[in-house]
There are 2 protein chains.
Amino acid sequence: MKQGAGRKSLQDYPRPSVAVDTAVLTVDPDAGLAVLQVRRPNARGWALPGTFLHQGEILADAVQRSLADKADIHGLDPRQLHVFDALGRDDRGWVLSVAHVAVVPAERLSTRFAGTTRLVPVDTPGRLVYDHAAIIELAVADVRARYEAAPDPDRLLAGEFTLRELRLVHEAVAGRDLQRDTFRRAMEAQLKATGALAGRGRGRPAELFRRV
Amino acid sequence: MKQGAGRKSLQDYPRPSVAVDTAVLTVDPDAGLAVLQVRRPNARGWALPGTFLHQGEILADAVQRSLADKADIHGLDPRQLHVFDALGRDDRGWVLSVAHVAVVPAERLSTRFAGTTRLVPVDTPGRLVYDHAAIIELAVADVRARYEAAPDPDRLLAGEFTLRELRLVHEAVAGRDLQRDTFRRAMEAQLKATGALAGRGRGRPAELFRRV
DNA sequence: CTAATAGTGTCTCTCAGACACTATTAC
DNA sequence: GTAATAGTGTCTGAGAGACACTATTAG
């Protein structure tokens, strides 16, 4: 049905609050693929970092702000996953949440607030609020799909790396071992050999590669 | 930065308007894969059907309502694609738009409002407002990916159909010819033969299949 | 009979997976 | 020398693409 008398202006409609919630994933040397959680500010338990969208702010900026505030993490490249819009999902009222995923090297998480944040393996995320378990599942599926197609698309590794280093990152993301020779042949086409050798450690020195 | 004195409540933040915009796709006998457009109500040109989210409404319901109102189309199964949140994207103010895609059989579009709607091939969508060209691209990519993996996942065909009928639908979606024998072998594993024959038309009668 | 469509046998090529071999280092 | 790691040759099996053959109908 159209409005009866004249056209409703934008201001006449009640508006939902819009929030962002982010699954910040990293490859932890101990835990493997892990997700950052923050202590809930006014309640018990843990949650994904999130915030309400401020006026005149785009979603990606809200994600960055929430992580700067809650965990002192900067320079993220968040990707949208899904809008969660169930009516009863937030007891504070009518809140839509735009779920995001961001992948950062573990070193960049070193400055995070120790008492109010934790890193948890994605397979055992613990008891979480709202739709946060579903967000983690979407985030993991997204990152795994992207890492199947390209060498370290989220730049967990710096400029040059050996195929062993690359494979260990991909194994952590995939959550399973990958075959050495098959992995090399799949990735080599998307890499550029530098000619330089890694030299450190035992065994034959490995060649260093760069992304194409 | 946290708020200085006390905790801001939900009501203290200005909120964006939230809209939905939907690319309704169909396979038209003439145009192939086509998208439904509606005349802009208070301006020139054409746009994807959309509406503002009403209070206490979920996104999928807003999509259904906008299509019932603007084109008398019912029973959609919309899927979310992306949130468009650029600040200058809507001159009516601060509006987030959640893009959706829905696929419907061409017959279901027969009741659409003739003067205020049109069906346009997805390759030549014409000049559109806002981000609507981008929404169509996302919608087409989404539907093509799903039709590569499964036989007619959006049920453009009714219960039983021949492999020829199925292939013609998939060719329209893909926008290119598909090889008859390869297509059959790929899809047959995901279908159940009924034993019945189609009988109509020239040539050897084709067997009828159902989805698994 | 011919034309048209359905269904299938089969060849080739590519590629993932797997195994094994050689190459180069530390010790 | 042994242990460890890097790099590669090669076999196998699955599957996509392509071609061609047979099968069944209308006319």
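Chain letters run A, B, ... following the sequence lines, proteins first and then strands; every chain starts at 1.
Distances shorter than 4.0 Å separate some side-chain N or O of B:Gln179 from OP1 or OP2 on D:dA18. OP1 or OP2 of D:dT8 lies within a sub-4.0 Å distance of a side-chain N or O belonging to A:Arg184.
When rounded to the nearest whole Å, the span between CZ of A:Phe209 and C1' of D:dA6 equals 10 Å. Taking atom CZ of residue A:Arg180 and atom C1' of nucleotide D:dT8, one finds them 9 Å apart after rounding to whole Å. Protein atom CE of B:Met187 is 15 Å distant from nucleotide atom C1' of D:dG17, rounded to whole Å. Between the CD atom of A:Gln190 and the P atom of C:dC15 there is a distance of 13 Å, given to the nearest Å. Distance CZ (B:Arg167) to P (C:dT5): 10 Å, rounded to an integer number of Å. For B:Phe183 and C:dA6, the CZ to C1' distance is 14 Å, given to the nearest whole Å. The separation between B:Leu191 atom CG and C:dA6 atom P is 15 Å, rounded to whole Å. Atom P of nucleotide D:dA18 and atom CG of B:Asp177 are separated by 12 Å, given to the nearest angstrom.
Nucleotides of DNA chain C nearest to A:Ala186 and B:Glu188 differ in position, and the one nearer the 5' end is that of B:Glu188. Along DNA chain D, the nucleotide nearest to A:Leu197 and the one nearest to A:Gly203 differ in position, and the one closer to the 5' end is contacted by A:Gly203.
At a cut-off of 3.5 angstrom, the base of D:dG7 holds no donor-acceptor pair with the side chain of A:Arg204.
Nearest to the side-chain atoms of B:Thr182 among the listed nucleotides D:dT8, D:dA16, C:dT24 stands D:dA16. Closest approach to the A:Arg202 side chain among D:dA4, D:dT8, C:dG17 is made by D:dA4 (side chain taken as heavy atoms from C-beta onward). Nearest nucleotide to the A:Pro205 side chain, out of C:dG7, C:dT25, C:dA20: C:dT25. Closest contact between the side chain of B:Arg185 and the listed nucleotides C:dA18, D:dG7, C:dT8 involves C:dT8. Taking the side chain of B:Glu207 as heavy atoms from C-beta on, and the options C:dA23, D:dT8, C:dG7, the nearest nucleotide is C:dG7.
Using a 4.0 Å heavy-atom cutoff across all strands shown, B:Arg164 reaches sugar-phosphate atoms only and no base atom.
Close placement of the B:His82 and B:Phe84 rings is indicated, their centers lying within 6.0 Å of each other.
Around the CZ atom of B:Arg155, the shell of radius 6.0 Å holds no more than 12 heavy atoms that belong to other residues, nucleotides or ligands.
Atoms CD and CD, on A:Glu57 and A:Gln64 in that order, are 10.0 Å from each other to the nearest 0.5 Å.
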Exercise. Is there a salt bridge (Lys or Arg N to Asp or Glu O under 4.0 Å) between B:Arg146 and B:Asp142 once you walk through the steps?
Worked result: CA-CA 6 Å; B:Arg146 287 157 34 79; B:Asp142 177 88; 3.8 Å; yes
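Judged purely by distance below 3.5 Å, without hydrogens or angles, the side chains of B:Arg15 and A:Ser17 pair a donor atom with an acceptor atom.
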